[in-house]
Amino acid sequence: MEKNGKNSSLSQFAQQEGHEYEFTGFTMNGFAALFLSLALLVGGSLLLWQGIEREWTPSIVSGVVLLVFFIFTLGGYVKLEPNEARVMMFFGKYKGTFRRVGFYWVNPFINTKSLSLRARNLNADPIKVNDKQGNPVMIGLVVVWKLKDTYKAMFEIDAQTMASVNVTTGVNVNNIMRAFENFVKIQSDAALRQVAGLYAYDNNEDTHELTLRSGGDEINAQLEHTLDDRLRMAGIEVVEARINYLAYAPEIAAVMLRRQQADAIIAAREKIVEGAVSMVKMALDKLSEEQVVELDDDKKAAMVSNLMVVLCGDDTAQPVVNTGTLNM
């Protein structure tokens with residue numbers, strides 16, 4: 001008794017606070033209710049038939065009453081599969097969320113709406129946004145989401161206006177979930193634009209600034225956090241959100257490609273010059289240590305110039321042998 005009172009008080013508190021709580025109304029095993037319905041049908045039919053045959057009014061009235069009860073019981077059957085829920089409403093008043101898997105019978109006057117609690121996947125088409133530097137980029141994402149709070153999902157947002165054109169949500173679970181998918185898509189686009197505007201597509205300078213291209217898990221974590229904040233009001237939980245497409249917009253893609261190629265060429269040239277300088281220094285040191293030849297400053301400068309041209313040039317050097325002259 002104390003436990004039931006505690007559950008009842010918790011349900012009332014949750015109802016006042018506008019949160020989801022478990023349905024605590026009367027329920028019956030569906031097969032037992034089906035047996036009773038068949039008994040009402042058979043008993044009502046027999047009483048009605050006997051009353052008409054014998055012209056006995058009480059029997060006719062009893063048979064009609066039993067048949068009316070039989071028709072009344074037909075609207076109370078509820079079947080739930082794993083990871084499904086039903087929002088229970090009694091003449092517009094929220095009475096809780098029914099989550100028990102199986103076949104049950106509830107009050108037929110309670111209106112129920114089915115919701116799927118299974119994880120769903122949204123692969124959003126790439127959209128054009130401006131990054132931190134104002135460059136237009138194409139960016140797309142994939143979101144894994146599921147319903148967490150059925151009360152917020154049904155009563156905090158207008159699912160009817162979110163449904164597709166000429167489609168009413170009603171009690172059909174597919175239509176209702178299609179409305180939530182549309183809501184998630186719109187909020188995903190907004191969150192993606194918000195996050196993409198905080199970072200540059202790529203670094204133009206040698207800095208350690210976080211970018212969309214190099215951010216990886218950090219960018220995805222921020223995107224997931226931003227999207228989760230937006231969808232929490234609808235009772236939707238974001239399981240995962242990741243950027244799955246990133247590229248420059250077509251109007252600047254060619255220019256940015258040339259810039260990337262120029263950056264790559266400059267970086268390669270820097271490596272070549274660095275290696276050439278070390279090789280020239282090594283050659284001069286070896287000649288001096290081995291005393292192969294004595295070179296003055298002018299000859300060293302000429303040798304350095306020739307070696308740098310040979311090592312840094314794109315074309316293969318053509319050697320020229322200077323034999324000099326012989327003075328007899």
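Sequential numbering from 1 along the given sequence is applied to the chain's residues. Values reported hereafter were calculated over all heavy atoms of this structure, with side chains retained and with hydrogens, waters and symmetry mates removed.
Taking the six-membered ring for Trp and thresholds of 30 and 60 degrees, Phe72 and Phe69 have ring planes more than 60 degrees apart, a perpendicular arrangement.
A donor-acceptor distance shorter than 3.5 angstrom exists from the side chain of Arg193 to the backbone of Lys128, with no hydrogens or angles considered. Judged by distance alone, with hydrogens and angles left aside, the side-chain atoms of Asn220 form a donor-acceptor pair with the main-chain N or O of Ile243 at under 3.5 Å. Side chain of Asn83 to main chain of Arg118: no donor-acceptor pair is present (N/O by atom type, distance under 3.5 Å, no hydrogens or angles). Between the side chain of Trp105 and the backbone N or O of Thr73, at least one donor-acceptor pair lies under 3.5 Å.
A heavy-atom distance below 4.5 Å is not found between the side chains of Met138 and Tyr248. Contact check for Met88 versus Arg86: side-chain heavy atoms found under the 4.5 Å cut-off. Looking at heavy atoms from C-beta onward, Phe26 lies in side-chain contact with Met28 at the 4.5 angstrom threshold. The shortest side-chain heavy-atom distance between Glu156 and Tyr151 falls under the 4.5 Å cut-off. Using a 4.5 Å cut-off on side-chain heavy atoms (C-beta onward), Leu246 and Tyr201 make contact. Ile236 is listed as a side-chain neighbour of Phe183, based on a closest heavy-atom distance under 4.5 Å. With contacts defined as side-chain heavy-atom distances shorter than 4.5 Å, the pair Leu40/Leu67 does not qualify. You'll find the side chain of Leu66 reaches within 4.5 Å of the side chain of Leu47, heavy atoms only.
Both Leu41 and Leu74 are assigned to one and the same hydrophobic cluster, defined by single-linkage of ILVMFWY side chains at heavy-atom distances under 4.5 Å. Note on Ile219: it clusters hydrophobically with Ile127, by side-chain heavy-atom contacts below 4.5 Å among ILVMFWY residues. In the hydrophobic cluster analysis, where Ile, Leu, Val, Met, Phe, Trp and Tyr join through side-chain heavy atoms closer than 4.5 angstrom, Met233 is grouped together with Val238. Hydrophobic clustering, with ILVMFWY side chains joined whenever heavy atoms are under 4.5 angstrom apart, keeps Leu48 apart from Leu46. Ile186 is not connected to Leu231 by any chain of hydrophobic side-chain contacts under 4.5 Å among Ile, Leu, Val, Met, Phe, Trp and Tyr, and they are in different clusters.
Here the closest heavy-atom approach between residue Asp189 and residue Ala124 is recorded as OD1-CB, 4.5 Å. Between Lys185 and Leu122, the shortest heavy-atom distance links the atoms CA-CD2, 3.6 Å. Between Leu80 and Ala85, the shortest heavy-atom contact is CD2-CA, 4.0 Å. Between Leu198 and Gln194, the shortest heavy-atom distance links the atoms CG-O, 3.4 Å. Annotation for Tyr77 and Leu34: closest pair OH-CA, 3.2 Å, computed over non-hydrogen atoms. Heavy-atom minimum distance, Phe23 versus Lys95: CD1-O, 3.4 Å.
Interatomic distance, Met177 CE to Ser114 OG, rounded to the nearest 0.5 Å: 11.0 Å. Within the model, atoms CD of Glu224 and CG of Leu141 stand 11.0 Å from one another, a figure rounded to the nearest 0.5 Å. Considering CZ of Arg99 and CG of Leu115, their distance stands at 9.5 Å, rounded to 0.5 Å. The distance from the NZ atom of Lys146 to the CG atom of Leu117 is 8.5 Å, given to the nearest 0.5 Å. Once rounded to the nearest 0.5 Å, the distance linking OG of Ser188 with CG of Leu192 reads 8.0 Å. The structure places OG of Ser37 at 13.0 Å from CZ of Phe31, a figure rounded to the nearest 0.5 Å.
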Verdict with supporting geometry, Phe109 and Phe90, ring pair (Phe, Tyr, Trp, His ring centres under 6.0 Å): CA-CA 7 Å; Phe109 286 112; Phe90 185 69; 7.2 Å; no

Which is it for Trp145 and Glu181 under the side-chain contact (heavy atoms from CB on, under 4.5 Å) test, yes or no, and what are the steps along the way? CA-CA 9 Å; Trp145 62 276; Glu181 287 179 357; 3.5 Å; yes

Would you check, one step at a time, whether the test side-chain contact (heavy atoms from CB on, under 4.5 Å) holds for Glu81 with Val101? CA-CA 5 Å; Glu81 298 178 359; Val101 177; 5.6 Å; no

One pair to check against side-chain contact (heavy atoms from CB on, under 4.5 Å): Phe103 and Val78. What are the steps and the verdict? CA-CA 6 Å; Phe103 184 48; Val78 175; over 6 Å; no

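With respect to Asp131 and Arg213, no salt bridge is recorded, no charged nitrogen being found less than 4.0 Å from a carboxylate O.
For the residue pair Tyr94 / Thr97, a side-chain donor-acceptor distance below 3.5 Å is found, with atom types taken as modelled. A donor-acceptor pair shorter than 3.5 Å cannot be found between the side chains of Tyr199 and Glu218. A donor and an acceptor atom, one from each side chain of Glu20 and Thr150, are located under 3.5 Å apart. Side-chain atoms of Asn130 and Asn135 include no donor-acceptor pair closer than 3.5 Å.
For the pair Arg100 and Tyr104, the cation-pi criterion (under 6.0 Å, within 45° of the ring axis) is fulfilled.
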